[in-house]
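Report on one structure; see the data block that follows.
Chain A is the first sequence line, chain B the second, and so forth, proteins listed ahead of strands; every chain is numbered from 1. Note that these values count all heavy atoms, side chains included, but never hydrogens, waters or copies made by symmetry.
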Protein chains: 2
Amino acid sequence: MKSGPDIAMVASLVGDPARANMLTALLSGRALTASELAQEAGITPQTASSHLAKLETGGLIEPEKQGRHRYYRLTGSDVAGVLEGLAGLAARAGHMRVRTGPKDPALRRARVCYDHLAGDLGVQMLDSMKRQRLIRQSKEAMELTGEGKRFIAKALQIDADALIHPRRPVCKACLDWSERRHHLAGTLGAALMERFTELKWAARDPTPGSRVVNFSRNGEKRFAALFGTGE
Amino acid sequence: MKSGPDIAMVASLVGDPARANMLTALLSGRALTASELAQEAGITPQTASSHLAKLETGGLIEPEKQGRHRYYRLTGSDVAGVLEGLAGLAARAGHMRVRTGPKDPALRRARVCYDHLAGDLGVQMLDSMKRQRLIRQSKEAMELTGEGKRFIAKALQIDADALIHPRRPVCKACLDWSERRHHLAGTLGAALMERFTELKWAARDPTPGSRVVNFSRNGEKRFAALFGTGE
DNA sequence: TTCATAGTTCGATCATAACCGAAGCATAGG
DNA sequence: CCTATGCTTCGGTTATGATCGAACTATGAA
């Protein structure tokens with residue numbers, strides 16, 4: 001009787017708190033070992049192993065053997081997209097996890113969303129780029145303008161032509177769960193994030209599963225000079 | 001320790017097969033009564049009532065009382081988007097539901113995806129519109145061209161300016177799980193689907209939770225004349 | 001070789017939640 | 001009023017699956 005993809009199968013994989021914690025940790029875009037993920041989820045390695053096997057056969061993550069470690073990563077950005085979508089629904093319904101930790105404000109200010117910048121600063125950046133006409137939003141379409149291309153070349157040494165990718169857009173709006181507005185994804189979003197870390201304006205928090213991005217004093221100033229809100 | 005939206009909460013709601021069936025039925029865009037949804041999921045009304053209450057407090061569906069009936073609908077197209085995303089992941093991993101029913105081929109040919117056309121014909125239509133330069137896809141951006149505006153006005157009496165909506169794009173690519181390619185969503189996609197039914201080219205299958213779209217003989221011919229593949 | 005660490009498999013326990021029968025409200029229509 | 005229908009609440013049963021202890025395999029280091 002029933003046909004079509006078995007969405008309950010996939011959703012139930014994400015529906016377990018331990019697995020959801022693991023997947024959220026992997027949203028950082030980094031590959032993590034089985035034990036790191038176990039710690040992240042607050043469970044023993046045995047239990048984690050069982051969960052990871054399920055996630056793997058479910059096609060959500062893929063392993064990479066390296067010595068005696070097994071590194072796991074998300075199988076693609078489409079998985080990340082669905083996870084972010086679920087986060088959006090949860091945030092909209094006001095279903096936050098109760099234990100709000102000390103890192104929460106930092107997470108809301110700046111975090112990595114798979115491979116690009118999200119949070120308050122991420123939203124600010126996209127806003128500013130639109131205001132400065134570096135990005136044009138016509139209807140739903142987002143595009144880097146000529147001025148935008150010159151801007152990223154001059155200020156950040158990013159070649160716009162190098163951003164073109166067969167399977168991924170240059171500019172893409174990504175809904176930010178903490179701000180409930182859009183930030184910039186796509187190859188441009190990824191390139192900018194990479195540039196910020198290269199320039200040491202910002203660095204990912206070193207703790208394994210963390211998505212927090214810490215801006216240096218100088219980096220924050222430079223960032224504000226380019227994308228500041230106080231015009 | 002943990003912070004952020006509770007994605008496990010939402011995902012586990014979708015993760016139960018009975019609830020997933022209900023949600024999939026609601027993907028048709030129609031509002032369905034509690035008993036229709038119970039039948040759709042193959043469970044008794046008591047059980048369904050409990051599930052529906054959970055989905056409601058989870059913010060995925062909303063009720064509307066009408067006499068002694070309670071009609072339920074999805075709370076928004078963002079919910080539909082996440083459900084389609086999950087379907088995409090399931091299809092990619094090859095996790096189809098085993099019981100492939102007789103309606104399956106019809107479902108793959110043409111179905112409604114919330115409020116627009118999906119399936120083989122939906123993908124064909126978008127392809128054809130691009131080929132005819134009615135829609136231009138620059139990088140990731142999709143836009144209705146001038147020629148496209150004239151075309152929909154002349155052939156289908158759709159006013160392009162009336163499609164502009166503050167919170168919804170005109171053209172939007174939506175991943176099709178059965179074809180693994182994009183079809184057309186957005187206000188234009190919805191308007192086209194509406195036009196097809198008004199013109200009696202196509203009609204939704206009358207059985208409650210069905211997403212199947214049946215084209216009439218004449219409708220299929222007219223559709224092919226506009227968006228046919230055999231050029 | 002021996003030891004330590006990373007990860008898995010097995011078995012048993014235990015809690016959650018899906019399910020239905022029966023009874024209880026509410027609305028519509030006589 | 002009474003009756004039928006749509007839906008919900010309550011209680012008890014049952015099954016699934018998350019969890020961990022213990023034992024096992026594999027890789028690397030000494």
>> Does C:dA26 have OP1 or OP2 under 4.0 Å away from a side-chain N or O of B:Lys65?
In response: no
> Which whole-number value in Å describes the distance from A:Tyr72 OH to C:dA6 C1'?
Replying inline: 11 Å
> What integer distance in Å separates A:Leu52:CG from D:dA18:C1'?
Replying inline: 14 Å
> How close do B:His183 and B:Gly119 get, heavy atom to heavy atom, and via which atoms?
Replying inline: ND1-N, 4.4 Å
> Any idea how A:Phe215 and A:Phe196 line up, ring-wise: parallel (<30°), tilted (30 to 60°), or perpendicular (>60°)?
Replying inline: tilted
> Salt bridge between A:Asp16 and A:Lys54, side-chain N to carboxylate O under 4.0 Å?
Replying inline: no
>> Is there a side-chain contact between B:Asn21 and B:Ile43 in this structure, where contact means two heavy atoms from C-beta onward sitting under 4.5 Å apart?
In response: no
>> Strictly under 4.0 angstrom, non-hydrogen atoms only: write out the protein contact profile of nucleotides 11-25 of chain C, one letter per nucleotide from the 5' end, B, S or -.
In response: -------SSBBB---
>> Using whole Å, what does the distance between atom P of nucleotide D:dT5 and atom CZ of B:Arg70 come to?
In response: 21 Å
>> Without decimals, in angstroms, what is the distance between A:Leu13 CG and D:dG17 P?
In response: 11 Å
>> Does any part of the side chain of A:Leu184, heavy atoms only, come nearer than 4.5 Å to the side chain of A:Leu117, both counted from C-beta?
In response: no
>> Using whole Å, what does the distance between atom C1' of nucleotide D:dT19 and atom CE of A:Met22 come to?
In response: 12 Å
> B:Gln39 has an atom CD; how far is it from atom C1' of D:dG6, in whole Å?
Replying inline: 14 Å
> Of the non-hydrogen atoms in A:Val112 and A:Ser28, which two are nearest, and what is the gap between them?
Replying inline: CG1-O, 3.8 Å
> Can you check the A:Ile61 CD1 to C:dG7 C1' distance for me, whole Å?
Replying inline: 14 Å
>> Tell me the interatomic distance from A:His69, atom NE2, to D:dG28, atom P, rounded to whole angstroms.
In response: 9 Å
